[in-house]
Amino acid sequence: MRFRTIGLLAMVMLLLAAIFSSTAEAREPVVRVALKASDIRSLDPHYGTTTIDYACIDPMFNALVRFKPGDIDPEKIEPDLAERWEMSPDGLTWTFYLRKGVKFHKGYGELTAADVKFSLEKAANKDTSGFAKDFEALDKAEVIDPHTVRLTFKENVPSVLGLLTDYHGGFIVCQKAVEEMGLEKFKTNPIGTGPFMLEEYVPKQKLVAVRHAEYFRGRPLLDKIEFWFMPDASSREMAFRKGEIDICEGEREQAWIDKMRQVPGTVVDIFGPGETLTLHFNTRQKPLDDKRVREALAYAIDRQELMDFLGQDVTTPLVSPIPPDYLGGTTDVKLYAHDPAKAKELLKAAGLEKGFTLKEVITEMSDYRRPMEQIQAQLRKIGVDLQMDVITHSAYHQQIRKDVNPITLYVCARFPTADPILTQFYHSKSIVGTPTAITNFSHYDQIDDLIEQARRETQVEKQKALWAQAQQKILEDAVAYPLCITKFVFARKDYVDLGYEMKSTLTLVDTIKWNTRILEK
Amino acid sequence: MFQYVVRRIFLIVPTLWAVVTVVFFLIRIVPGGPAMAALGAYASEEQVRALEHQMGLDQPLLIQYVKYLADLCRGDLGKSLITQRPVAQEIAQALPYTIDLTVAGMALGILMGVPIGIFAALRRNRLPDYLGRIFSLIGISMPEFYLGILLMYVFAVKLNLFPVIGGGDFSRWGSRFYHLVLPAFTLGIIMTSFISRMTRSSMLNVIGEDYVRTARAKGVSEKMVVYKHALRNALIPTTTVIGLYAGILMGGSVLTEIVYSRPGLGKMMVFAVKDRDYMTLQMVIVIFSAAVFLLNLLTDILYSLIDPRIEYH
């Protein structure tokens, strides 16, 4: 009797499961994306700073101009909401002519120049945006007529079009919606002009965006996109293998890539811009205040070994602070080819032939911890004992800004021109511990004039030369040692056609566009 | 009895106050802060300081503490420092999923654990007993996340019977149940191990008692001996174990929610710790503490129902 009951129960459960699971087989025009995140922070594009925010914001908003889908080459920026634009000879005044008939989501009407003025002023205001600093040079935005807007800058900006792309503060929001809802509500009820609009947001679980049928480039080919917040890597992978997920954020490890390439019907997308891994030497801490010691550390590091360890498919070498594919990137710098004998000589010259000990903190996040463990092993070979305390990621960010580390590993991706990285990591205003601090962990103050000159320069070639000079000086002074670039890795079902060739994207995910589609079986 | 229950319920207030106080100071002592987590790595020191000021985190700890307690007394749980949404609202959205999961896990644990324990005890040192003991040993030794991934791989990926992700559509019972099966079994199997082990050993103790022998000698049917005479007495330690392990079950829900990508308080708690979202973390821990407190109270009440000799004054 007892066994009969258990057997009956098991049969009912299997039957129920079969009924429910059978509905999951049909291939609908829906793309489900699983991202390594617990939740969104903000869908107001002027506050979104995490990968999950970027992924959700991108299909819902547009900007005056945009990067070519799948390619962040700043020289290929193309029209988005603006059909065309004009620049004054001094480069300080820009006039943008908007497309006509662009509609906001959910009946919020047509886009006008007033929305553009409102959005850019919002982006430039630190009370309404997280990216106000990027817009410091914006003097005013004027509405010339309903479809023309003029922007005036106080000084030359390294890339005005770059500032206005579909990234960070460049996104255009609906003035009426922001004013009606208020900033707080807008963060979870975004109204933009993008090909998809918010349908449902379940905190800690998922966000669903549905087709915006009046999208100006054409009717989006997908019915909807589902973004699933899945922090656990194994769960993402299993959901992908089972087919509950079509695009899945992967692990930046060779083993994961090789494994997923064996899964039938899977495409592994590996794309840029990637994140730069750079070691910043603290020139205020002994013995790193001695240039010879810093050079010794640089010579002791075996970049190739590190890249082999991290994975050949996901890494490319980085020899200067700015990646070569960024505007202003160069490889014409002092290279510090791996040479442990020279490293030991330099240490001897600095009176440290017996080696020394450095104590520091490192985040538990594998993107930081794994390379740093490799560096630790390499430095041990020249007698440098790098002792590391592993702490949480947010604590790491706090501690490195308190100047505790002699060597700070920083992993980042920035807008692909040289200025943001040079300003944030090597300008004296950014030195940690100062009121204007950002991320200058080296306390370096020798290239302020080059950074500022390049920022004011209107001719691109001259600008590039100034940026190259700045990078040569950084390496010459051995205040930082660029290690490599790690690319982003996603697994995608082969029936999902992104609609563009994916080379690089600032959203850092396989981005869904209006022409992304599901291919027929 | 009534007075006892009322007294215990009143005791919850100082207990929760102590929990709030410890968590309040502990989370603020450890390095890291919510402003950096909220602003992201691009933020300048100036922006971080401005946000900390806005959040009131630049005030002395004691002032922050008094203000927080005052807000709590007014029923204001505050806003999440990261998402800026009211904590009460975030908890209200996540709590039903956690209740579903823990209740289902507990129910499965009891429904499977007690019969397995009885069955094993009645067939001591025979195959069913060995199997039951091996099962409970595996269940106790296996971490929830590993068991979760294992069940997911077999029943979702290979057999395609259940979903891998999410908590389902909460307003639809079918979807809710369908998404609950594997997570509930993950917790339920672990609870089963604890409960079956305890039921088996207490049944073995009771079965050897004089009154059981007497009942058998009087010719009482084996069914009556087991279920009426032995089981009721054997259930007292089992009930204690269930009450005690309710806390472990809630701890297990943390990893289970992450593995199955379900919304819930456990998942909220983990990310609140990571992001140093003080407001959210404090309230989630208070809820977990209150739940454990109430479950312990319920266990005490159950004692008196199972064993009429127990009286509370």
Side-chain angles (χ1 to χ4, degrees), chain A residues 2 13-14 16-21 24 34 38-42 49-50 126 130-133 168 184 187-188 202-206 228-232 234-236 238-239 241-242 244-245 361 391-399 401 410 412 414 424 430 432-439, chain B residues 30-34 36-50 82-85 89-90 93-94 97 115 119 145 148-149 152-153 155-157 159-167 170 174-175 177-178 181 257-264 267-268 270-271 273-276:
Chain A
R2 212 178 295 138
M13 281 179 64
L14 288 176
L16 277 172
I19 291 166
F20 286 117
S21 62
S38 61
D39 206 345
I40 52 160
R41 294 272 162 85
S42 169
T49 52
T50 61
K126 67 179 172 52
F131 309 112
K133 222 173 167 52
H168 283 178
E184 282 313 311
K187 283 180 181 172
T188 47
V202 185
K204 316 278 179 226
Q205 187 172 200
K206 66 173 176 178
W228 287 87
F229 316 144
M230 299 180 69
D232 185 66
S234 321
S235 317
R236 281 198 307 277
M238 277 199 245
R241 283 172 181 265
K242 184 171 180 264
E244 282 182 48
I245 290 296
V361 294
I391 57 177
T392 63
H393 194 59
S394 66
Y396 177 73
H397 274 289
Q398 193 197 45
Q399 292 293 298
R401 282 163 176 79
Y410 206 89
C412 75
R414 293 287 183 268
Q424 292 173 17
S430 308
V432 291
T434 61
T436 53
I438 308 182
T439 42
Chain B
V30 292
M36 181 58 75
L39 288 169
Y42 291 91
S44 69
E45 196 64 23
E46 206 179 357
Q47 285 172 297
V48 173
R49 296 279 162 263
I82 302 297
T83 63
Q84 292 301 313
R85 291 189 290 269
Q89 185 191 326
E90 295 222 325
Q93 279 162 336
Y97 288 97
F119 197 67
F145 71 89
I149 289 170
M152 200 191 268
Y153 185 71
F155 293 99
V157 179
L159 299 176
N160 201 20
L161 293 174
F162 297 102
V164 171
I165 52 170
F170 209 77
S175 161
F177 172 76
Y178 181 44
V181 176
E257 282 168 2
I258 289 177
V259 167
Y260 288 97
S261 307
R262 286 175 63 86
K267 199 170 158 192
M268 257 175 98
V270 170
F271 288 96
V273 173
K274 279 185 89 167
D275 292 340
R276 302 288 186 269

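In what follows, chains are A, B, ... by sequence order, proteins preceding strands, each numbered from 1.
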Contact winner vs chain A - B/Pro163, B/Gly167, B/Gly264, heavy-atom pairs under 4.5 Å: B/Pro163
B/Tyr97: ring-ring contact (aromatic ring centres under 6.0 Å, His included) partners, not counting sequence neighbours: B/Phe170
Which portion of A/Ser430 sits near chain B, non-hydrogen atoms under 4.5 angstrom: neither
Contact origin within A/Ser42 toward chain B - heavy atom pairs under 4.5 Å: neither
A/Arg414 and A/Gln424: side chain donor to acceptor below 3.5 Å: yes
Which portion of B/Tyr153 sits near chain A, non-hydrogen atoms under 4.5 angstrom: both
Contact class of A/Ile391 relative to chain B, heavy atoms under 4.5 angstrom: neither
For B/Ala156, side chain to side chain contact (heavy atoms under 4.5 Å, CB included) partners two or more places apart: A/Lys242, B/Met152, B/Val164, B/Leu182
B/Gln89 portion near chain A, given a 4.5 angstrom heavy-atom threshold: neither
Top contributor to chain A interface from B/Val259, B/Ile165, B/Leu159 [non-hydrogen pairs under 4.5 Å]: B/Ile165
Close side-chain approach of B/Glu90 and A/Lys204, heavy atoms under 4.5 Å: yes
B/Arg276 versus A/Thr392, side-chain donor and acceptor atoms under 3.5 Å: yes
Backbone of A/Val432 reached by a side-chain donor or acceptor of A/Arg401 within 3.5 Å: no
